[in-house]
> 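Let me give you the structure first, and then I'll get to my questions.
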Amino acid sequence: MKPTLRIRPYRLALYALLCLVAGSAGYSCRRQYTPKPDGYFRIDPYPDSYRRTTLLEPALSFEVPEGTVETLDHDTTRHHGGVQWLNIRFPRYRATLYCSYHPLRGNLASLLDESRELVYRQSIRPEAVQAGTYENDSLHIYATLYDLSAESATPLQFIATDSVRYLLRGSVYFDEPGKSDSIAPVVGYLSDHIAHLIESIETPAR
């Protein structure tokens, strides 16, 4: 007679369990792991609702989104020649638009040159800087909005002037550096807000 393999009931259960574990381990070793890309929190733009800020009056005023916070910098060591500094805080974006108001006293050309030099000096890729211009002859508003790319410390800067009485310029800074993919939508929102700010500038009649 041929010998038969006899397994007692408890040993049979143990044998089945070992086979199951071994099979699962082999399957796990054969599986390929595919890393998932990092996800980003969704940041919605501010509602399309604006209010007029008058902190720079009587020189000028303009509109900012509801929900922003404006503060006038009272550090007199920075206020040479009537220069005023206005900070516009965007809490939702964790960003601040730092603006400076410069009265003109025959120094428009030098201020424009200084502003442009600052833009290209602060861009990590000067050749990639994009500039959009805005002109409104009836309101005497002439402006340029610079896009320095999301990788730059200050991705957006602008200059606005009436060419006679004032020059207003501003730079956007985020609280913390972020990946360009994650902050690109926010840079787009801020670009729209700055464009609205420029278009809404009002000054006393000449």
> Quick one: does N87's side chain get under 4.5 Å of L97's, heavy atoms only?
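Side-chain contact under 4.5 Å: no.
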> When Ile, Leu, Val, Met, Phe, Trp and Tyr are grouped by side-chain heavy atoms lying under 4.5 Å apart, directly or through other members, which residues fall in the same group as V69?
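Reading the cluster by chain and number, V69 sits alone, since nothing else belongs.
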> State yes or no: do V129 and I159 share one hydrophobic cluster built from I, L, V, M, F, W and Y residues joined by side-chain heavy-atom distances below 4.5 Å, directly or via other members?
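Same cluster: V129 reaches I159 through Ile, Leu, Val, Met, Phe, Trp or Tyr contacts under 4.5 Å.
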> Please lay out, stage by stage, how F158 and C99 fare under the test side-chain contact (heavy atoms from CB on, under 4.5 Å).
CA-CA 9 Å; F158 79 91; C99 300; 4.2 Å; yes
> Would you say that T96 contacts Y173 through its side chain, given a criterion of any heavy-atom pair below 4.5 Å between the two side chains?
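No, side chains not in contact.
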> Heavy atoms only: give me the nearest F174-I183 pair and the separation to one decimal.
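In terms of heavy atoms, the two residues are closest at CE1-CD1, 4.0 Å.
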> Where do D175 and A95 come nearest, in terms of heavy atoms and distance?
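Scanning both residues completely, I find the closest heavy atoms to be OD1-N, 4.2 Å.
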> Please report the shortest heavy-atom distance between R105 and G81, naming the atom on each side.
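That closest heavy-atom pairing would be NH1-O, 2.8 Å.
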> Pick from L197, L55, I194: which one makes a side-chain contact (heavy atoms from CB on, under 4.5 Å) with I88?
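That would be L197.
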> With sequence neighbours excluded, what pairs up with E57 under the salt bridge (charged side-chain N to carboxylate O under 4.0 Å, His left out) test?
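Listed in chain order: nothing, the list is empty.
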> Using side-chain contact (heavy atoms from CB on, under 4.5 Å), reason through R116 and Y146 one step at a time and then give a plain yes or no.
CA-CA 9 Å; R116 294 191 189 103; Y146 295 96; 3.5 Å; yes
> Of the non-hydrogen atoms in P47 and R92, which two are nearest, and what is the gap between them?
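Minimum heavy-atom contact is CD-NH1, 4.1 Å.
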> Within the supplied structure, the quantity of interest is the number of heavy atoms (other residues, nucleotides, ligands) at a distance under 6.0 Å from R94 CZ; does it exceed 12?
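No, not enclosed.
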> Residues two or more places apart in sequence or in another chain: which of them pass salt bridge (charged side-chain N to carboxylate O under 4.0 Å, His left out) with D48?
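Testing D48 for salt bridge (charged side-chain N to carboxylate O under 4.0 Å, His left out), a comparison that skips the adjacent residues, returns none.
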> Run the side-chain hydrogen bond (donor to acceptor under 3.5 Å, both in side chains) test on N136 and S138 for me, step by step, so that the C-alpha distance in whole Å, both residues' side-chain angles and the decisive distance to 0.1 Å come before the verdict.
CA-CA 6 Å; N136 187 322; S138 61; 2.7 Å; yes
> I want to check something: taking the side chain as every heavy atom from C-beta on, are L108 and V164 in contact at a cut-off of under 4.5 Å?
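They are not in side-chain contact.
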> Could you check whether S100 and H102, counting side-chain N and O atoms only, form a donor-acceptor pair closer than 3.5 Å?
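Yes, side-chain donor-acceptor contact under 3.5 Å.
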> Take L104 and L167 through the test side-chain contact (heavy atoms from CB on, under 4.5 Å) and record every step on the way to the result.
CA-CA 7 Å; L104 296 181; L167 182 140; 4.1 Å; yes
> Who pairs with Y101 by side-chain contact (heavy atoms from CB on, under 4.5 Å), at least two apart in sequence or on another chain?
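Partners of Y101 by the side-chain contact (heavy atoms from CB on, under 4.5 Å) criterion, ordered by chain and then number, come out as L56, A59, L60, Q84, P103, Y166, L168.
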> State whether a side-chain donor-acceptor pair under 3.5 Å links T71 with D73.
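On atom types as modelled, these side chains do not qualify, holding no pair under 3.5 Å.
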> Parallel, tilted or perpendicular, judged at 30° and 60°: which one describes the rings of H196 and Y50?
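Aromatic pair H196/Y50 classed parallel.
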> Can you tell me how far apart CG (L190) and OH (Y46) are? Round to the nearest 0.5 Å.
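Rounded to the nearest 0.5 Å, the CG-OH separation comes out at 9.0 Å.
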> Quick check: is Y120 connected to L112 through a chain of hydrophobic side chains (ILVMFWY, heavy atoms under 4.5 Å apart)?
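Yes, L112 connects to Y120 through the hydrophobic network.
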> Compare all side-chain heavy atoms of I198 with those of F62 and state whether any distance is below 4.5 angstrom.
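Sidechains of F62 and I198: no contact.
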> Considering non-hydrogen atoms only, spot the tightest contact between D44 and Y189 and give its length.
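D44 and Y189 have their closest heavy atoms at C-CE1, 4.0 Å.
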> If I take atom OG1 from residue T161 and atom CG from residue L111, how far apart are they, to the nearest 0.5 angstrom?
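With rounding to 0.5 Å, OG1 (T161) is 8.5 Å from CG (L111).
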> Taking the side chain from N107 and the backbone from S110, do they hold a donor-acceptor pair closer than 3.5 Å?
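Flag not set: sc N107 to bb S110 has no pair under 3.5 Å.
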> D137: what forms a salt bridge (charged side-chain N to carboxylate O under 4.0 Å, His left out) with it, not counting sequence neighbours?
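Not a single residue meets the salt bridge (charged side-chain N to carboxylate O under 4.0 Å, His left out) criterion with D137.
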> Considering only heavy atoms from C-beta outward, does the side chain of T133 approach that of L145 to under 4.5 Å?
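A side-chain contact under 4.5 Å is absent here.
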> When rounded to the nearest 0.5 angstrom, what distance separates CD in E70 from OG1 in T53?
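Atom-to-atom, E70:CD and T53:OG1 are 4.0 Å apart.
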> Does S61 offer a backbone N or O that forms a donor-acceptor pair with the side chain of T54 under 3.5 Å?
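The answer is no, because no donor-acceptor pair under 3.5 Å joins these two groups.
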> Starting at CZ of R52, measure out to CD of E63 and round the result to the nearest 0.5 Å.
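With rounding to 0.5 Å, CZ (R52) is 4.5 Å from CD (E63).
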> With side chains defined as the heavy atoms from C-beta onward, is the minimum distance between L156 and L148 less than 4.5 Å?
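Sidechains of L148 and L156: no contact.
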> Does any part of the side chain of Y93, heavy atoms only, come nearer than 4.5 Å to the side chain of H193, both counted from C-beta?
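Side-chain contact under 4.5 Å: yes.
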> Short question: side chain of R169, backbone of Y98 - any donor-acceptor pair under 3.5 Å?
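The answer is no, because no donor-acceptor pair under 3.5 Å joins these two groups.
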> Quick one about T68 and R89 (side-chain donor to acceptor, distance below 3.5 Å, no hydrogens or angles considered), yes or no?
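The answer is no; no qualifying pair exists.
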> Given side chains that start at C-beta, do those of I201 and L139 come closer than 4.5 Å, heavy atoms only?
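Answer no - side chains too far apart.
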> What pairs with D192 under salt bridge (charged side-chain N to carboxylate O under 4.0 Å, His left out), at least two apart in sequence or on another chain?
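Here no residue qualifies.
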